[in-house]
Amino acid sequence: MITALIILALLALGFGLLLGYAALRFKVEGDPLVEQIDALLPQTQCGQCGYPGCRPYAEAIANGDEINKCPPGGEATIKNLADLMGVEAKPLHGGSTEPEVKKVAFIREDECIGCTKCIQACPVDAIVGATRQMHTVITSECTGCDLCVEPCPVDCIDMVPIKTGITNWRWDLNPIAIKQVD
Amino acid sequence: MSMESLFNRLKAGRLFSFPGGVKPPERKALSNQTAIAALPLPDKLFVSLKQHIGVEGKVQVKEGDKVLKGQVLTASPNPFAVPVHAPTSGTVTRIGLHAAAHPSGLPEQTIEITPDGLGQWTTLSPIPNYAQLPKMKIIEAICNAGISGMGGAGFPTHLKISSKKDVEFLIINGVECEPYITADDRLMREHAWQIRQGIDILVHLLNPGAVLIAIEENKPEAIDAMRVACKDQSRYLVCPIPTRYPAGGEKQLIQNLLDREVPRKGLPIDVGVIMQNVGTCYAIADAIFSGKPLIERVVTLTGESLQAPGNYWVPLGTPVYHLLNQAKYVSSLQQKKRIIMGGPMMGFTLHTDLAPVVKTSNCVLVPSDQAMPLPPDEQSCIRCAACADACPASLLPQQLYWHAKANELERAQDFNLFDCIECGACAYVCPSDIPLVHYYRRAKADIRIQEQEKQKSDKARQRFEARNARLEREAEERKAKHAEAAERRRQAMQQPADNPQDKIAAALARVQAKKQAAQPDAVPEANEDKVAAAIARAKAKREAQQAQTGEPAKASALADDPKKAQVASAIARAKAKREAQQAQTTETVESASPAASDDAEAAKKARVAAAVARAKAKRDAEKADDAPESDAQPAENAQIDDADAAKKARVAAAVAKAKAKRDAEKADDAPESDAQPAENAQIDDVDAAKKARVAAALAKAKAKRDAEKAASTTETNHQPDDITQVDDAEAAKRARVKAAVARAKAKKAQQQDDPS
Amino acid sequence: MTFKVASSPHQHAMRNTAGLMRLVIYCAVPGIVVQGYFFGWGILVQLILAVLTALVSEGVFLALRKRNFERALGDYSAVLTAILLAISIPPLAPWWIVVLGTFFAIVIVKQLYGGLGNNLFNPAMAAYVMLLISFPVQMTAWAPVQALTQFSVNLADAASVVFTGFTTDGYSLGQLQTNIDGVTLATPLDQVRTDLTLGLTYHESLQNEIFNHGMGIGWAWVNLAYLLGGLVLIKTRAINWHIPGAMLGTLAAIAAVMYATDASIYASPAFHLFSGAAMLGAFFIATDPVSAATSNKGRLVYGAGIGLWVYLIRTFGGYPDAVAFAVLIMNMAVPLIDYYLKPRVYGHWSKRR
């Protein structure tokens with residue numbers, strides 16, 4: 001009886017030491033969770049999640065907020081976040097299921113009064129212009145966050161869908177005979 | 001294996017092999033029976049700007065221009081750009097989007113040329129004595145001739161042959177393994193000598209250890225012709241290759257001949273090989289010996305739906321419908337029009353027959369439905385692995401398929417999706433008719449787009465962080481300034497303002513500033529703000545100088561200068577404050593009153609009051625802004641030694657500005673808070689409250705705009721050049737601003753109405 | 001005018017899944033005929049029962065899964081599964097054995113895993129093992145070769161036995177299993193196993209009347225017939241040689257080594273190759289593409305694994321034949337094999353030039 005106990009105790013000790021050693025020896029130096037989450041977010045900085053930017057939302061997720069509050073990221077981002085956080089993917093908060101179309105802001109330049117409001121609103125400094133000078137959007141930098149549309153006093157900013165060109169064509173052969181039968 | 005033993009091995013006719021591959025029915029006899037023929041010119045030619053891998057050049061012609069045959073149409077300093085040329089003489093009738101020879105069917109920039117039928121050549125500059133010229137000249141000539149790979153991908157030839165590495169083998173690809181296509185076959189049979197000349201040029205440029213001319217065994221005539229053309233060269237070796245698709249793939253051909261594998265993400269040159277298509281060699285010889293740019297190529301028109309299949313010299317830009325008409329297309333043999341550009345294994349279907357022939361178009365295939373039935377719907381994968389057996393890259397196509405279908409892009413990449421050459425062998429053998437290659441292409445496109453988005457989001461993050469850092473820094477600087485100013489103010493309060501001179505000076509400055517501020521108002525079309533600012537600046541400068549000279553004692557200068565400025569600004573501040581307060585009180589009164597009486601008059605009054613407040617706020621803001629800013633500037637301009645004093649003055653100015661702003665904000669806040677008590681008082685008349693809010697909002701907008709105006713003035717002060725430029729446009733601009741204001745008002749009003 | 005737009009390749013080999021399955025079925029015909037010749041009409045009854053059950057259950061379940069069942073039924077995969085199961089079970093086994101087995105194969109092993117292409121295990125073999133474990137008596141009641149039996153069994157008798165347990169003349173299955181001398185006969189593999197446990201040597205066991213010159217009468221012919229069919233399959237490239245080659249090669253090699261070690265207790269390689277379901281398993285069961293390894297190297301390992309397990313279980317295990325178990329065990333190993341034996345992709349070399 002005593003022997004058995006001793007053996008068990010020794011075994012436990014031995015395995016414990018082994019595990020402890022392994023934990024130290026094979027320690028994985030990973031990115032902090034917030035960084036990982038932030039890397040998955042689309043960085044539109046649009047604030048539609050209720051946080052002022054993507055990183056604050058990443059921090060919020062790390063602290064237990066829902067993962068489905070990012071409309072620009074859409075399903076794909078939710079899925080990635082679910083994988084990372086080890087939770088179930090959920091439908092987008094607010095429930096819009098329409099496929100997200102990438103958009104960029106476009107300033108109708110002859111209507112622009114040069115008020116700089118959109119410049120101040122842009123989270124990524126993608127609008128150039130000076131006071132009373134016409135503004136314009138640097139399309140390649142625009143994240144399509146929508147934040148400049150509201151402040152414009154003359155409503156001269158449109159969100160236009162990014163055009164499909166040969167470089168971002170996704171091999172959508174519309175009439176192709178790919179019908180799933182199984 | 002060493003180069004020499006490899007060469008001897010090949011000379012003995014011993015090849016290596018490559019894994020996988022398929023043997024589809026060849027059907028080359030349809031088109032290789034007749035010599036390459038010429039076609040009549042089409043009524044329109046559509047020259048795509050970009051016909052190769054890389055970037056397009058800038059258009060050098062405009063609509064309506066007359067162009068000559070061979071005239072260059074685009075140019076670019078970018079090394080990845082290859083020019084395009086006019087295929088014949090005629091008129092440029094349009095430059096714009098036109099259906100492209102691309103699987104997407106998306107339009108691309110295209111120059112439309114209406115031929116005049118004369119075929120008048122531009123001046124050509126052949127360099128038959130190329131061996132005497134520096135190599136760079138030859139490469140330049142090849143680039144200027146617009147030559148890019150004519151086998152399939154269309155990689156710019158001049159880049160390929162500019163390699164600095166040692167070339168052991170130059171492989172000339174005449175394999176043409178795709179069924180149906182016979183363009184290279186006929187070219188080799190009929191123009192072996194010119195191909196040989198092209199090879200000579202390449203040999204001169206690259207100095208390879210040996211030249212291997214690979215031709216599939218099913219083209220005995222071409223093999224013979226090339227052997228005859230190259231018989232005097234011991235280092236040129238014609239290598240017949242067993243017929244198996246895709247033996248003509250660059251990587252497969254290298255493996256087949258040399259048992260070398262191009263490393264992933266590498267190039268053939270990494271294993272000492274450069275490969276050129278026979279068509280490219282022909283074009284190079286054309287460019288060097290005749291000076292002719294690449295403006296036409298051999299295209300195989302074939303398929304069971306054509307009555308006159310064969311090979312034709314086709315000017316680049318010829319629309320496909322013209323080719324079909326010439327080759328006598330029989331539409332009854334196709335249920336739905338199906339035109340394949342390229343071969344049956346890797347070609348793509350066209351969305352429209354308006355698409356033109358480009359440099360990489362080697363075949364236009366119009367099969368009958370009987371000869372090439374449309375694939376049935378895909379069935380479940382039975383994991384038979386026939387695809388894996390057929391894959392020349394030794395991939396596991398069915399694993400790729402599972403992951404691509406499930407959109408598990410990372411897993412697909414783990415299975416080396418990007419090593420897929422899209423040869424189509426897997427989909428060819430698939431018993432379940434799964435369009436495997438299509439799945440891979442989609443997955444690849446998705447991965448590329450994802451990567452682009454990742455890059456973009458990283459950049460966005462950087463920009464966002466940079467912006468945040470900037471804002472934070474600015475906020476901190478502001479805070480520091482505030483603290484400093486507060487400290488100064490406190491000191492100033494402690495010191496009794498017993499210097500009457502200062503006061504007088506301040507008063508004088510004020511009066512002057514006022515007068516000058518009022519002056520520009522009289523000038524109708526001038527830029528009030530700017531002029532006023534300029535004048536104020538001048539004045540302030542003078543004053544600053546006066547102050548300097550007037551106070552010789554250094555000790556007192558330190559104390560006095562800032563004091564003066566301080567006092568001036570303090571007064572300005574006080575005024576602004578008082579006025580803002582006035583505005584506030586009027587607002588309060590006015591906006592409170594409509595709470596009692598609900599008629600429109602109240603609203604009107606509120607508006608009037610707001611206008612008054614606005615005007616005042618504007619004036620104050622301007623004054624507050626202009627004066628101190630301009631104080632600071634001249635101080636700098638005059639290069640006064642006493643930097644300390646200048647700094648202090650600036651600080652004071654900033655404080656004044658901040659004050660003015662705060663006051664303006666207060667003016668803003670006031671009506672807002674007024675509206676609230678009205679609500680708190682639970683007055684039923686929501687309408688009146690709303691009106692009050694509208695008025696308040698208007699006032700706010702105005703005040704804000706004015707503040708901005710003032711800010712802009714200070715900004716433009718830094719750029720005197722701009723002022724003069726802008727002055728002329730001022731009137732128009734002002735009209736526009738007015739319109740914009742009206743629009744803004746309308747918007748605000750609408751917004752405020754909406755919620756109710 | 002709209003154009004027909006499709007993704008390359010536009011040309012396709014004229015071979016589809018249904019054709020492939022049909023080819024496998026045709027190639028099994030010689031074996032089935034020989035089996036029928038030696039073991040009577042029962043096999044035909046079993047085949048009909050199995051195929052009907054398979055089609056009905058596949059159709060019903062595809063309909064329940066809201067899939068296009070007409071198309072899926074046309075791919076012959078269910079028919080092939082049914083045939084493989086029907087020829088694996090004793091020809092005179094009760095009707096419910098084959099019905100239950102086929103249902104299990106189609107519904108549980110195949111459809112519940114997601115249908116054709118998604119099943120982890122070979123449906124026919126999983127069903128066979130299920131039956132063998134659940135109903136050992138019925139599943140081992142192989143009637144002896146017709147030539148040795150006391151009674152001749154015609155088609156009506158066979159059907160009657162299958163459905164009622166008795167022939168039209170009233171003989172029971174048990175009676176049918178006895179030989180002319182009234183001794184119950186087993187299969188050769190059973191016989192050798194039993195004899196070895198009784199302390200007889202391998203050669204003594206072969207003296208039994210079911211063996212004819214060292215081979216089980218009938219069984220050797222059946223195996224030869226399947227070998228013929230299998231060679232046709234390889235010739236027509238319906239299957240690769242790797243799996244059957246590795247399986248039979250391994251089986252023969254181990255048997256040879258063991259036979260050489262001690263011929264008195266270990267059976268000869270020829271005995272192993274031509275007994276039981278060796279050939280059927282090698283060419284028709286182990287090569288089921290869905291549940292087999294996919295790369296050629298993997299196929300070799302997979303086949304060799306099956307051969308190894310067949311020998312081990314036959315020789316040391318508790319069951320006389322082992323193809324079904326061996327196939328299932330290696331089915332489980334397939335993901336592992338596929339993972340570790342990925343072919344080297346073009347251009348992914350480390351130190352080679």
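Note that these values count all heavy atoms, side chains included, but never hydrogens, waters or copies made by symmetry. Here is the naming used below: chain letters follow the sequence lines, and residue numbers restart at 1 for every chain. Everything quoted here is computed from the prediction, not taken from an experiment.
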* **Region of B:Met372 that comes under 4.5 Å of a non-hydrogen atom in chain C** => side chain
* To do: Under 4.5 Å heavy-atom distance to chain B, tell me which part of C:Asp288 shows up: side chain, backbone, both or neither.
  => neither
* To do: Return the option, out of B:Gln399, B:Arg338, B:Lys23, B:Glu422, with the maximum number of heavy-atom pairs under 4.5 Å with chain C.
  => B:Arg338
* Structure fact -> Under 4.5 Å to a heavy atom of chain C? For B:Leu396 that would be side chain
* Structure fact -> Of the listed C:Met14, C:His12, C:Arg299, C:Gln11, the one with the largest count of heavy-atom pairs under 4.5 Å with chain B is C:Gln11
* Asked: Non-hydrogen atoms of chain B under 4.5 Å away: do they reach the side chain of C:Ala292, the backbone, both or neither?
  -> backbone
* Structure fact -> Rounded to the nearest 0.5 Å, the OH atom of B:Tyr180 sits from the CG atom of B:Leu365 at a distance of 6.0 Å
* **chain C contact via B:Leu374 - which portion, at a heavy-atom distance below 4.5 Å** => side chain
* To do: Side chain from CB out, backbone as N, CA, C, O: work out which of these in B:Pro25 comes under 4.5 Å of a heavy atom of chain C, or both, or neither.
  => both
* Are side-chain heavy atoms of B:Val366 and B:Gln334 found at a separation under 4.5 Å? -> yes
* Asked: Given a strict heavy-atom distance threshold of 4.5 Å, which part of B:Gln398 is in contact with chain C: side chain, backbone, both, or neither?
  -> side chain
* **Interchain contact, B:Asp389 with chain C, by part (heavy-atom threshold 4.5 Å)** => side chain
* Asked: Where on B:Cys391 is there a heavy atom nearer than 4.5 Å to chain C: the side chain, the backbone, both, or neither?
  -> neither
* Structure fact -> chain C shares the most heavy-atom pairs under 4.5 Å, among B:Gly347, B:Pro24, B:Cys387, with B:Gly347
* To do: In plain terms, say whether B:Asp369 and B:Lys336 are close enough for a salt bridge, that is, a side-chain N and a carboxylate O under 4.0 Å apart.
  => no
* Would you mind telling me which of B:Asp419, B:Val22, B:Leu258 has the largest number of heavy-atom pairs within less than 4.5 Å of chain C? => B:Asp419
* Structure fact -> Under 4.5 Å to a heavy atom of chain C? For B:Cys384 that would be both
* To do: Against chain C, work out which of B:Ile339, B:Leu395, B:Leu350, B:Asn416 has the most heavy-atom pairs shorter than 4.5 Å and name it.
  => B:Asn416
* Structure fact -> When the 4.5 angstrom heavy-atom criterion is applied to C:Asn119 and chain B, the contacting part is neither
* Asked: Honestly, is C:Lys342 close enough over C:Tyr340, meaning NZ or CZ under 6.0 Å from the six-membered ring centre and within 45° of the axis?
  -> no
* Asked: Hey, what do you get for CZ (B:Phe415) to NE2 (B:His403), rounding to the nearest 0.5 Å?
  -> 4.5 Å
* **All pairs passing side-chain hydrogen bond (donor to acceptor under 3.5 Å, both in side chains) where residues 424-433 of chain B contributes a residue, at least two apart** => B:Ser432-C:Thr17
* Can you list the residues that meet the ring-ring contact (aromatic ring centres under 6.0 Å, His included) rule with C:Phe61, with sequence neighbours excluded? -> none
* Measuring from C:Leu20:CG to C:Leu80:CG, what's the distance to the nearest 0.5 Å? -> 9.5 Å
* Asked: Quick check: are there more than 12 heavy atoms from other residues, nucleotides or ligands sitting under 6.0 Å from CG of B:Asp166?
  -> no
* **Contacting region of B:Pro263 [heavy-atom separation from chain C under 4.5 Å]** => both
* Sort out for me which of B:Ala371, B:Ala388, B:Cys381, B:Pro179 touches chain C most, counting heavy-atom pairs under 4.5 Å. => B:Cys381
* To do: Could you check C:Tyr346 against B:Phe18 for side chain to side chain contact (heavy atoms under 4.5 Å, CB included), going step by step and ending with a plain yes or no?
  => CA-CA 10 Å; C:Tyr346 183 100; B:Phe18 68 94; over 6 Å; no
* Report yes if the distance between the aromatic ring centroids of C:Tyr226 and C:Phe284 is under 6.0 Å, otherwise no. => yes
